[in-house]
Undergrad: 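Okay, here's the structure, questions in a sec.
Residues: numbered from 1 along the sequence shown.
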Amino acid sequence: LWDDMRMIETMLINHASQAAKQSMPLPATSHRSFENEGPVVTHGSELFPHKTALTATQLLPDLCCVILQEIQVYVHIIQRSSNLNSQQKTDTIQTTLDKCKINSVAALEDRCQQDGK
């Protein structure tokens, strides 16, 4: 579990770094690792014989189902934004959908419903 958390945290930090390079606005917060927020309790999971090695390619499509409602809200906000032109809106939404390995929000909704996520 902790290895998975570290991988997710690394992916989020990398995404934030890429956004900064593209001059995308980021929240004005400093990065703090989840591991610095208190004691880490594993409950013995480091002793489990089977370890899951997650990669971004495997993780993101499932994570998209977990945050489906947030994606729907995000897309709605982008569509209603007045400071982006039509092409910028399309590109922004498509970037999110590409990370989810899907071509539309409706298709993502269907996939998540079929997968029971």
Undergrad: Quick check for you: to the nearest 0.5 Å, what is the distance between Leu63 atom CG and Lys99 atom NZ?
TA: 11.5 Å
Undergrad: In chain order, what residues pass the side chain to side chain contact (heavy atoms under 4.5 Å, CB included) check against Gln72, with sequence neighbours excluded?
TA: Leu68, Gln69, Val105, Glu109
Undergrad: Linking I/L/V/M/F/W/Y whenever any side-chain heavy atoms sit under 4.5 Å apart, do Leu84 and Val75 land together?
TA: yes
Undergrad: Between Ile71 and Cys64, which heavy-atom pair has the shortest distance, and what is it?
TA: CD1-O, 3.7 Å
Undergrad: Is there a side-chain hydrogen bond (donor to acceptor under 3.5 Å, both in side chains) between Asp98 and Gln94? Walk through the geometry before answering.
TA: CA-CA 6 Å; Asp98 288 347; Gln94 192 58 51; 2.7 Å; yes
Undergrad: With distance as the sole test, does Lys89 use its side chain to make a donor-acceptor pair with the main-chain N or O of Gln79 at under 3.5 Å?
TA: yes
Undergrad: Shorter than 2.5 angstrom, is that how the SG atoms of Cys65 and Cys112 come out?
TA: yes
Undergrad: When rounded to the nearest 0.5 angstrom, what is the spacing between CG in Asp91 and CD1 in Ile78?
TA: 11.5 Å
Undergrad: Kindly compute the distance separating OG1 (Thr96) from CD1 (Ile102), expressed to the nearest 0.5 Å.
TA: 13.5 Å
Undergrad: Do you know which two heavy atoms are closest between Arg111 and Pro61, and how far apart they sit?
TA: NH2-O, 3.2 Å
Undergrad: List the steps, then state whether side chain to side chain contact (heavy atoms under 4.5 Å, CB included) holds for Tyr74 with Ile93.
TA: CA-CA 9 Å; Tyr74 175 72; Ile93 293 168; 5.6 Å; no
Undergrad: When clusters are formed by joining ILVMFWY residues with side-chain heavy atoms under 4.5 Å apart, either directly or through shared neighbours, do Ile67 and Leu97 land in the same one?
TA: yes
